[in-house]
Amino acid sequence: MSRILVVGGGPAGHRLADRLRHHGHPGPVTILGAEPEPPYHRPLLSYVLSGRASPEALRLPALPGIEAHRGTPVTHIDRGRREVHTSGVVHGYDVLVLATGARADVPDIPGARGPGVTALRTAADCARITGASVVVLGGGPLGVETAAALAARGTATTLVCAGPHPLHDRLGEAASGMLTKALERAGVTVLAGRTVTAREPGRVLLDNGTRLPADTLALCTGAHPDVGLARAAGLRVRTGIVVDDRLRTSDPHIHAIGDCAEHEGRAVTGIEAAWAQADSLARILTGRGACAHRGTPAVFRLRTDIAEVACVGPPDAFADPSLRRLTFADWDGGRYARLALRGEHLVAAVLFGLADAIASVGELHRNSRALPSDRLRLLLGGPPRPASTDLDSPGEAVICLCNNVQRQDLAKAWRAGARAVTALATATRATTGCGGCLREVTELCARWEREIGQDGERTP
Ligand SMILES: Cc1cc2nc3c(=O)[nH]c(=O)nc-3n(C[C@H](O)[C@H](O)[C@H](O)COP(=O)(O)OP(=O)(O)OC[C@H]3O[C@@H](n4cnc5c(N)ncnc54)[C@H](O)[C@@H]3O)c2cc1C
């Protein structure tokens, strides 16, 4: 019975342990996590910041049968003895999985490592963002989510970003301009084309000489894979810990997944990539199904109430001259879409203010399905419905990306008596991640009830 030891109790490590149990791994599984809190859903930290959710609400489900230690940083890997060291305790392993995630980048500006400055990476960081005025540095997704969350809790918030608009690189000029307007409507002051050059007590200095009051400077300036442990152990590291298609490092007894790993020459960050790698590795280690990991499609959705923003596919697709582009803009209504198509198939999309289209477009992209001829209707959320809400759609369609819940899992739970969304959520965990699949699950539930009946004379 092989002993599997996981270093890192973030979403990747937690998901791996869950899936190993699911696939019936017969040996012991142990997680050693550095953070003092039980594992939690990191992407929703901005909800804690805004006061929309308590830290407890973000907790990932407990894993019966898994030995989990928190507040236990691993300090050293002894590859020869197949042991890892924490302060005072040594744990042996047959298979070691590094899921050490990423660390926030701290820009090299005077005062950035002093008091009143914090990155936002952990639950503990949320508590460090205090005071009546906060300057958020960084116009990426994290900067936008953090600024919107702080404004929602009534903090005087300024977002400073180097580009012409927040998320300009990702969304393009039109949609990022709409985002600036949405942030300003939400009460955020956006200072674009600027950067912070120094932190002084109670304020920050900008590159144009302006001084802004700031009780806290929140750094949302990127993150890098946490490779320190792997590097010290002599594993092959480039940007991340280099892994092959079996998610193996340069030592065949050690694997790496999530934000710390570099697969196919890229250190891909993001929750979906972390989960997909954890799912693949669980199958690889238990000998279930596919024995190789394939890359994860790039999907990104902003988690904020100020605007519905989503991107699918690689951002550079819009610069590819061989692809057809289609744009829809409703300036007054704050709705915008940009699609890059190869034939009738979607390669990439940017969606702003089109909440109803996000699930449909994401589904078409994920399953490489041809777009319906009425594109406008699709963007406005009209039929055709995505395959996953179709009673006859394949059971493997993933409805809840966060918890990897397939349509067939929901159908099984429904047949077992879970006849409401809350009951389906309890049985399968669908809707309990980002909540993005709530509408799809609600529709499935309603359709099964309408078309099959509560007595279930047909099988979904
Ligand atoms: C505020 C915020 C919002 C985000 N929003 C999104 C989003 O909307 N969409 C999205 O796709 N992604 C988002 N992300 C990124 C996403 O959270 C990460 O991709 C995901 O958490 C990666 O999971 P992971 O388990 O690989 O790494 P992490 O979540 O970083 O977890 C790694 C864990 O390993 C622990 N660890 C490190 N070293 C050791 C050691 N030596 N010993 C023991 N434990 C160790 C760390 O303490 C940490 O708990 C967001 C991130 C943040 C911070």
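Throughout, numbering of the chain's residues begins at 1 and tracks the sequence. Read the numbers this way: they start at 1 and go in the same order the structure lists the ligands and their atoms.
- Counting protein heavy atoms under 4.0 angstrom from atom 18 (C) of ligand 1 gives one or more.
- In this structure, the side chains of Arg153 and Leu150 come closer than 4.5 Å at one or more pairs of heavy atoms.
- Proximity of Ala102 to ligand 1, defined as any heavy-atom pair under 4.0 Å, is confined to the backbone N, CA, C and O atoms.
- Distances between N or O atoms of Cys260 and those of ligand 1 include no value under 3.5 Å.
- Looking from atom 29 (O) of ligand 1 to the surrounding protein, the closest heavy atom is Arg42 NE, 2.6 Å.
- When only modelled atom types and interatomic distance are considered, His165 and Thr180 share a side-chain donor-acceptor pair under 3.5 Å.
- Within ligand 1, the atoms closer than 4.0 Å to a non-hydrogen atom of Thr100 are 32 (C), 34 (O), 37 (C), 38 (N), 39 (C), numbered from 1 in the order shown.
- Contact annotation for Leu44 and ligand 1: no heavy atom of the residue comes within less than 4.0 Å of the ligand.
- Listed by number with element, the atoms of ligand 1 under 4.0 angstrom from any heavy atom of Asp226 are 37 (C), 38 (N).
- The side chain of Arg303, and not its backbone, has at least one atom closer than 4.0 Å to an atom of ligand 1 (non-hydrogen atoms only; side chain from C-beta on).
- Heavy-atom neighbours of Arg103 CZ from other residues, nucleotides or ligands within 6.0 Å: at or below the threshold of 12.
- Closest heavy-atom contact between Leu247 and Ser280: CD1-CB, 4.0 Å.
- Residue contact check: Leu142 has heavy atoms under 4.0 Å from atoms 1 (C), 2 (C), 3 (C) of ligand 1.
- Of the protein's non-hydrogen atoms, Ile271 N, 3.5 Å is the one closest to atom 10 (C) of ligand 1.
- Aromatic ring centres of His85 and His91: separated by at least 6.0 Å.
- Ranking protein heavy atoms by distance to atom 41 (N) of ligand 1, first place goes to Val74 O, 3.0 Å.
- Ligand 1 has an N or O atom lying under 3.5 Å from an N or O atom of Ala34, backbone or side chain.
- The CG atom of Leu339 lies 6.5 Å from the CG atom of Leu371; values are rounded to the nearest 0.5 Å.
- Pairing each heavy atom of Ala230 with each of Val237, the nearest pair is CB-CG2, 4.2 Å.
- Under 4.0 angstrom from ligand 1, the non-hydrogen atoms of Leu32 all belong to its backbone.
- When hydrogens are left out, the protein atom nearest atom 27 (O) of ligand 1 is Gly101 CA, 3.1 Å; that is the closest non-hydrogen contact.
- Among protein heavy atoms, atom 50 (C) of ligand 1 sits closest to Pro43 CA, 4.1 Å.
- The part of Ala99 lying near ligand 1 is the backbone, judged by heavy-atom distances below 4.0 Å.
- When heavy-atom distances to ligand 1 are checked against a 4.0 Å cut-off, Asp259 comes that close through both its backbone and its side chain.
- With hydrogens and angles left out, the side-chain atoms of His263 and Gln277 include no donor and acceptor closer than 3.5 Å.
- By the 3.5 Å distance cut-off applied to N or O atoms, Ser46 is not counted among the residues near ligand 1.
- Remark: minimum distance from atom 48 (C) of ligand 1 to any protein heavy atom is reached at Glu35 OE2, 3.4 Å.
- Relative orientation of the His41 and Trp275 rings is parallel, given thresholds of 30° and 60° on the angle between their planes.
- Both tests hold for Arg52 against Tyr47: distance to the six-membered ring centre under 6.0 Å, angle to the ring axis within 45°.
- Shown here is Arg342, whose CZ atom has no more than 12 heavy atoms of other residues, nucleotides or ligands within 6.0 Å.
- Expressed to the nearest 0.5 Å, how far CG of Asp94 lies from CZ of Arg3 amounts to 4.5 Å.
- There is a side-chain donor-acceptor pair under 3.5 Å between Arg82 and His253.
- Ligand 1 has no nitrogen or oxygen under 3.5 angstrom from a nitrogen or oxygen of Leu229.
- For ligand 1, the atoms lying closer than 4.0 Å to a non-hydrogen atom of Gly10 are 25 (O), 31 (O), 33 (C).
- Considering backbone and side-chain atoms together, Gly270 places an N or O closer than 3.5 Å to an N or O of ligand 1.
- Interface atoms of ligand 1 facing Val7, defined by a heavy-atom separation under 4.0 Å, are 40 (C), 42 (N), 43 (C).
- In terms of N/O distances under 3.5 Å, ligand 1 is approached by Ala12.
- Just one residue in the list Val84, Leu5, Val89, Leu98 forms a side chain to side chain contact (heavy atoms under 4.5 Å, CB included) with Val74, and that residue is Val84.
- Under a 4.0 Å criterion applied to the non-hydrogen atoms of Pro73, ligand 1 contributes the atoms 42 (N), 43 (C).
- One side chain, Asp105 or His224, offers a donor N or O that lies under 3.5 Å from an acceptor on the other.
- In terms of protein heavy atoms, atom 53 (C) of ligand 1 is closest to Leu120 O, 3.5 Å.
- Per-residue contacts place Gly258 under 4.0 angstrom from the following atoms of ligand 1 (heavy atoms of the residue considered): 26 (O).
- Tyr40 pairs with exactly one of Arg59, Glu56, Glu35 by the side-chain hydrogen bond (donor to acceptor under 3.5 Å, both in side chains) rule, that one being Glu35.
- For ligand 1, the atoms lying closer than 4.0 Å to a non-hydrogen atom of Thr72 are 43 (C).
- Nearest non-hydrogen protein atom to atom 30 (O) of ligand 1 is Arg121 NH2, 2.9 Å.
- Judged by the 6.0 Å and 45° rule, Arg338 forms no cation-pi pair with Phe328.
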